[in-house]
Q: 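The structure that follows is given in the form of structure tokens.
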Amino acid sequence: MLEIKDIHKSFNKNTVLDGVNIKIQKGDVVVLLGPSGSGKTTLLRCINFLEKADRGLITFNELTADFTNIKKKEISELRKKTGFVFQNYNLFNNKTALENVAIGLIHSRKVLPEKAYEQAKKALDKVGLEGKYDYYPSQLSGGQQQRVGIARAFVFNPDVILFDEPTSALDPELISEVLTIMKQLAKEGTTMLVVTHEMSFAREVANHVIFMDKGKIVEEGTPSDIFTNPREERTKQFLRRII
Ligand code: ADP
């Protein structure tokens, strides 16, 4: 469904993505692991066009585009296919939970407000936030704010949801409520590409795990390939440090 071919990205002279290839099928839960600075966030941001890749190809079902000469129209078309869940939630603080989820539908998708609020309520119910529609982010816990962030990504019904370390800003006791929602979405067949350090999630929920270092994929496979039988020394070292 989604394929990234030979993607490159540098910031000034710092090469951050150095020829990464990824293939994601419908229903896949792919976890991206790697040390800090290995390019995981940049990869997600390039897929969502929050960052512009220098070169490479992106294919979403029937639509293929070349990052080097991609057109605005292609970007807006491709952007519709992914949802993004940010590490720090990225909610509007002066808007309620319901408004945060509905606003994108109203402004970018031109959904009529009444319909958008209806869909936003359903998305909030899905992440267990019925009854919190009118709460502002400051009145919600970090876990609840991130659940609003997930509802906001989900409400667009994207083909793939990209999660960028969705639990790393949370206090430990709030992590599980977010992981529970993510597990539920995965179970329902939501296609997900997840950057996380939550190894239990990667082991239990992922069907494919990719280990990246220094802008390249070092090793990839099933959770048991990576966690039980890693082949590469760098993967072994990383897992020893993190588990
Ligand atoms: P990871 O998510 O694996 O920790 P990142 O993709 O966040 O890695 O970062 C990879 C490298 O890219 C880091 O060296 C980081 O400093 C650099 N980088 C990321 N974003 C920017 C930016 N906007 N400007 C300059 N350098 C950046």
Side-chain angles (χ1 to χ4, degrees), residues 2-11 14-25 27-48 51 53 56 82 84-88 142-143 146 149-150 160-187 190-243:
L2 166 64
E3 183 168 11
I4 301 292
K5 263 196 196 155
D6 202 28
I7 189 170
H8 286 76
K9 172 72 183 169
S10 299
F11 291 106
N14 181 16
T15 303
V16 174
L17 296 176
D18 193 9
V20 172
N21 297 290
I22 287 191
K23 257 189 195 172
I24 297 180
Q25 310 288 351
D28 276 352
V29 177
V30 178
V31 164
L32 201 51
L33 304 177
S36 171
S38 54
K40 306 179 298 295
T41 294
T42 304
L43 177 60
L44 253 51
R45 291 176 64 87
C46 286
I47 295 174
N48 193 237
E51 209 70 74
T82 55
F84 203 96
V85 176
F86 296 86
Q87 187 173 350
N88 295 313
Q146 189 57 296
I150 294 173
V160 182
I161 303 186
L162 309 169
F163 291 83
D164 186 17
E165 298 198 32
T167 58
S168 62
L170 295 173
D171 291 335
E173 71 273 19
L174 301 178
I175 290 176
S176 69
E177 64 182 72
V178 171
L179 293 180
T180 302
I181 298 293
M182 291 170 64
K183 281 181 197 169
Q184 180 197 318
L185 291 178
K187 224 166 142 189
T190 311
T191 312
M192 299 160 59
L193 176 58
V194 184
V195 173
T196 185
H197 294 294
E198 292 297 326
M199 294 302 137
S200 62
F201 179 85
R203 273 175 191 273
E204 287 169 35
V205 187
N207 63 321
H208 193 72
V209 177
I210 298 175
F211 173 68
M212 268 180 78
D213 193 18
K214 301 196 178 98
K216 286 185 194 290
I217 293 179
V218 174
E219 185 166 0
E220 59 184 308
T222 63
S224 91
D225 290 338
I226 300 297
F227 293 113
T228 320
N229 298 306
R231 283 176 284 113
E232 301 293 331
E233 196 47 44
R234 270 189 287 173
T235 319
K236 291 178 192 169
Q237 269 178 16
F238 173 78
L239 293 172
R240 271 201 294 274
R241 275 206 311 272
I242 203 156
I243 293 179

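In this text the structure is predicted, and so the values were computed from the model without any measurement.
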Q: Which residues pass the salt bridge (Lys or Arg N to Asp or Glu O under 4.0 Å) test with Arg240, not counting sequence neighbours?
A: Glu233

Q: side-chain contact (heavy atoms from CB on, under 4.5 Å) with Phe227: which of Thr222, Thr235, Val209?
A: Val209

Q: Within 45° of the ring axis of Phe238 and under 6.0 Å from its six-membered ring centre, is that where the NZ or CZ of Lys236 lies?
A: no

Q: Could you list the residues that satisfy side chain to side chain contact (heavy atoms under 4.5 Å, CB included) with Glu220, not counting sequence neighbours?
A: His208, Ile210, Ile217

Q: Search all heavy atoms of Gly143 against all heavy atoms of Leu174 and return the closest pair with its distance.
A: N-CD1, 3.9 Å

Q: Please list, chain by chain and in numerical order, all residues satisfying side-chain hydrogen bond (donor to acceptor under 3.5 Å, both in side chains) with Asn21, sequence neighbours excluded.
A: none

Q: Can you name the residues that form a side-chain hydrogen bond (donor to acceptor under 3.5 Å, both in side chains) with Lys214, not counting sequence neighbours?
A: none

Q: Does Asp6 have any side-chain hydrogen bond (donor to acceptor under 3.5 Å, both in side chains) partners at least two apart in sequence or in another chain, and if so, which?
A: none

Q: I would like to know whether Leu162 and Val85 meet side-chain contact (heavy atoms from CB on, under 4.5 Å); could you show each step before the answer?
A: CA-CA 6 Å; Leu162 309 169; Val85 176; over 6 Å; no

Q: Could you tell me whether the side chain of Glu165 and the main chain of Phe86 form a donor-acceptor pair under 3.5 Å?
A: no

Q: In chain order, what residues pass the side-chain hydrogen bond (donor to acceptor under 3.5 Å, both in side chains) check against Lys183, with sequence neighbours excluded?
A: Glu204

Q: Just one of Val16, Val195, Leu17 clears the side-chain contact (heavy atoms from CB on, under 4.5 Å) bar with Leu43, so which one?
A: Leu17

Q: Taking side chain to side chain contact (heavy atoms under 4.5 Å, CB included) as the definition, give me every residue that meets it alongside Arg231, ordered by chain and number, with sequence neighbours left out.
A: Glu219

Q: Applying side chain to side chain contact (heavy atoms under 4.5 Å, CB included), can you list everything that pairs with Gln25, at least two apart in sequence or on another chain?
A: Asp28

Q: Do the side chain of Thr180 and the main chain of Ser176 share a donor and acceptor less than 3.5 angstrom apart?
A: yes

Q: Tell me every residue that passes salt bridge (Lys or Arg N to Asp or Glu O under 4.0 Å) with Glu198, counting only those two or more places apart in sequence or in another chain.
A: none

Q: Going by atom type alone, with no hydrogens or angles, which donor-acceptor pairs under 3.5 Å involve a side-chain atom of residues 32-42 and a protein atom two or more places apart or on another chain?
A:
| unit_1 | atom_1 | unit_2 | atom_2 | d |
| --- | --- | --- | --- | --- |
| Ser38 | OG | Pro35 | O | 2.7 |
| Lys40 | NZ | Gly34 | O | 2.8 |
| Lys40 | NZ | Pro35 | O | 3.0 |
| Thr41 | OG1 | Asp164 | OD1 | 2.9 |
| Thr41 | OG1 | Asp164 | OD2 | 3.4 |

Q: Under the rule for salt bridge (Lys or Arg N to Asp or Glu O under 4.0 Å), what residues qualify as partners of Asp225, not counting sequence neighbours?
A: none

Q: Which residues satisfy the salt bridge (Lys or Arg N to Asp or Glu O under 4.0 Å) test with Glu232, sequence neighbours excluded?
A: none

Q: Hey, does Val194 have a side-chain heavy atom less than 4.5 Å from the side chain of Val30?
A: no

